[in-house]
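Heads up, the thing below is written out as structure tokens.
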Amino acid sequence: MTPPGILLVALPPTALELARQAAQAAFPQREVIVLPDLHAALQVPPASAPQLLVLGDPGLPVVAEASQVLEKTGLPRWAIVAMGAGESDVAETVPMAEWSPPLLARVFRATLLQHELLWENLRLRGDMKTVARRVSHDMRTPIGCIYTTADMLPELDAASLVELGGVIKQSAREISQIIDRVGFVLQASVDSALFSTVKMGPVVEQVLKDLDPAIKKAGAVVVPPVTWPEVIGVVSWLQVIWRDLLDNALQHGGPAPRITLTWERTADSCRFAVTDNGSGVSAGRLAALFGPFDQLHDIRESGIGLAIVHRLTSLQGGSCGYEKTPQGGACFHFTIPVIATGVN
């Protein structure tokens with residue numbers, strides 16, 4: 001997958017050539033995009049990582065406007081360098097006397113690194129808030145159920161004890177699931193993962209095997225494609241993504257759901273989809289779908305599962321989304337970078 005682009009905006013010819021040389025020296029693997037103005041930069045699709053925005057002597061109002069552009073996650077979208085004489089608190093400025101490719105390359109690298117560290121810091125702070133507020137709230141109900149049931153035990157007969165024993169086990173499973181899922185996504189976010197070429201077929205087969213009891217209980221039919229592609233990713237993360245999306249389809253796909261798994265190749269990624277024949281997502285819930293994990297403390301209606309899908313696809317350089325099918329069902333999809341054209 002091509003790394004996020006370097007955006008060169010409204011640069012005069014001399015500055016443009018020097019900035020292009022510096023960008024290619026600092027980030028040889030990144031695409032350099034030349035744009036006429038800030039409005040054109042806003043039309044460039046957002047990336048899963050910070051982008052560098054280089055402005056040509058823009059003036060403070062333009063710099064201020066650029067600094068206020070946010071990602072859907074609420075994080076500032078661009079690391080900003082201004083090639084001009086002015087000074088700014090929100091952008092690194094380089095006066096004309098210092099315009100040389102080696103110096104500009106150092107400024108570009110340092111500015112983008114600083115912005116990446118800002119992203120990381122803000123995201124981790126959001127993760128901590130989510131764990132402290134949202135997750136503790138989600139665990140309160142099953143814990144309260146265990147307490148209530150324990151108070152009733154001395155007064156119950158044998159048959160009632162067996163029934164309430166099941167209630168306690170279910171509550172304990174819910175608590176364990178929350179701990180496991182939250183612990184997994186936090187560990188994935190702070191540890192450096194070893195990416196490799198992954199055959200998606202065996203990944204999905206294992207997830208379907210694990211979910212077989214739930215699939216049978218729901219009376220569901222899961223229809224996979226005949227072949228699967230290879231992608232660049234992390235096996236355990238991909239397993240969690242598929243499990244969460246399939247769990248979601250089993251829960252909300254209607255009675256005896258028919259769940260179809262598909263994929264298609266794009267220029268540098270594969271787009272995977274889980275489609276069911278249920279009633280789809282109501283309009284009132286659309287805005288909260290795939291709420292970023294680090295914002296779950298503020299997004300009360302978003303489930304943890306889709307937030308985990310959002311985080312794990314982002315960590316692998318992909319994206320995720322939802323659309324309603326022509327028949328009215330739900331289609332949840334995600335993209336993962338690829339390196340191979342063959343299928344297994």
Side-chain angles (χ1 to χ4, degrees), residues 1-7 27-33 43-51 71-73 188 193-211 221-249 253 257-277 280-281 289-290 305-327 329-344:
M1 183 177 184
T2 304
I6 309 300
L7 310 184
F27 310 106
Q29 301 303 316
R30 299 197 181 199
E31 180 184 9
V32 177
I33 304 173
Q43 309 310 309
V44 176
S48 58
Q51 295 175 311
E71 293 287 337
K72 291 182 179 179
T73 58
L194 294 177
F195 289 78
S196 63
T197 301
V198 179
K199 294 183 177 181
M200 192 64 84
V203 171
V204 179
E205 288 173 9
Q206 183 61 53
V207 172
L208 291 175
K209 182 179 179 180
D210 295 341
L211 290 177
V221 175
V222 180
V223 183
V226 176
T227 59
W228 288 100
E230 293 181 345
V231 298
I232 305 174
V234 181
V235 171
S236 61
W237 296 1
L238 293 169
Q239 287 176 335
V240 170
I241 291 171
W242 281 110
R243 185 175 294 114
D244 280 338
L245 293 183
L246 283 164
D247 270 336
N248 187 69
R258 181 179 178 84
I259 302 169
T260 305
L261 312 182
T262 58
W263 67 273
E264 60 181 347
R265 178 72 182 265
T266 64
D268 55 8
S269 300
C270 271
R271 182 183 187 270
F272 301 94
V274 177
T275 305
D276 62 55
N277 58 342
V281 178
L289 288 181
F290 294 109
L306 294 181
I308 291 175
V309 170
H310 180 277
R311 173 63 62 83
L312 295 180
T313 54
S314 177
L315 288 174
Q316 293 175 98
S319 60
C320 54
Y322 163 83
E323 58 192 33
K324 199 165 188 174
T325 69
Q327 296 75 28
C331 175
F332 287 87
H333 52 83
F334 65 97
T335 63
I336 297 293
V338 299
I339 62 170
T341 57
V343 294
N344 57 297

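Reckoned from all heavy atoms, side chains included, excluding hydrogens, waters and symmetry mates.
- In this structure, a donor-acceptor pair under 3.5 Å is present between the side chains of Thr335 and Ser319.
- Here Leu306 contributes atom CG and Arg311 contributes atom CZ; the two are 14.0 Å apart, rounded to the nearest 0.5 Å.
- Considering only heavy atoms from C-beta on, Val222 stays 4.5 Å or farther from Thr260 through its side chain.
- Not a single salt bridge (charged side-chain N to carboxylate O under 4.0 Å, His left out) links Asp247 to another residue, sequence neighbours left out.
- By the salt bridge (charged side-chain N to carboxylate O under 4.0 Å, His left out) test, Arg243 is found to be paired with Asp210, residues two or more places apart in sequence or in another chain being considered.
- Asp276 contributes a side-chain N or O that, together with a main-chain N or O of Ala330, makes up a donor-acceptor pair within less than 3.5 Å.
- Between Glu230 and Val338, the closest heavy-atom pair is O-CG1, 3.5 Å.
- Just one residue in the list Trp237, Trp263, Trp242 forms a ring-ring contact (aromatic ring centres under 6.0 Å, His included) with Phe334, and that residue is Trp242.
- Across Cys331 and Thr275, no two heavy atoms sit closer than the pair SG-OG1, 3.5 Å.
- The environment of CZ in Arg258 is sparse: at most 12 heavy-atom neighbours from other residues, nucleotides or ligands sit within 6.0 Å.
- Below 30°, between 30° and 60°, or above 60°: for Phe332 and Tyr322 the angle between ring planes is between 30° and 60°, a tilted geometry.
- Looking at every heavy atom in both residues, Leu312 comes nearest to Ala188 through CD2-CB, 3.9 Å.
- The shortest heavy-atom contact between Asn277 and Pro257 is OD1-CA, 3.5 Å.
- Thr313 places a side-chain N or O within 3.5 Å of a backbone atom of Val309 that can act as its donor or acceptor partner.
- Using a 4.5 Å heavy-atom cutoff, the side chains of Pro337 and Asp268 are not in contact.
- Leu245 contributes atom CG, which lies 10.5 Å from atom NE2 of His333 (distance to the nearest 0.5 angstrom).
- Under the side-chain hydrogen bond (donor to acceptor under 3.5 Å, both in side chains) criterion, Glu205 pairs with no residue at all, not counting sequence neighbours.
- Side-chain contact between Val274 and Leu261 is present, with heavy atoms from C-beta onward closer than 4.5 Å.
- Between Arg265 and Cys270, the shortest heavy-atom contact is CD-SG, 3.9 Å.
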With side chain to side chain contact (heavy atoms under 4.5 Å, CB included) as the criterion, how do Ile241 and Phe272 come out once you've worked through the C-alpha distance, each side chain's angles and the decisive distance to 0.1 Å?
CA-CA 11 Å; Ile241 291 171; Phe272 301 94; over 6 Å; no
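- Distance CD/Gln239 to CG/Asp244: 12.0 Å, rounded to 0.5 Å.
- Using a 4.5 Å heavy-atom cutoff, the side chains of Leu246 and Leu208 are in contact.
- By the 4.5 Å heavy-atom criterion applied to side chains, Gln316 and Val231 are not counted as neighbours.
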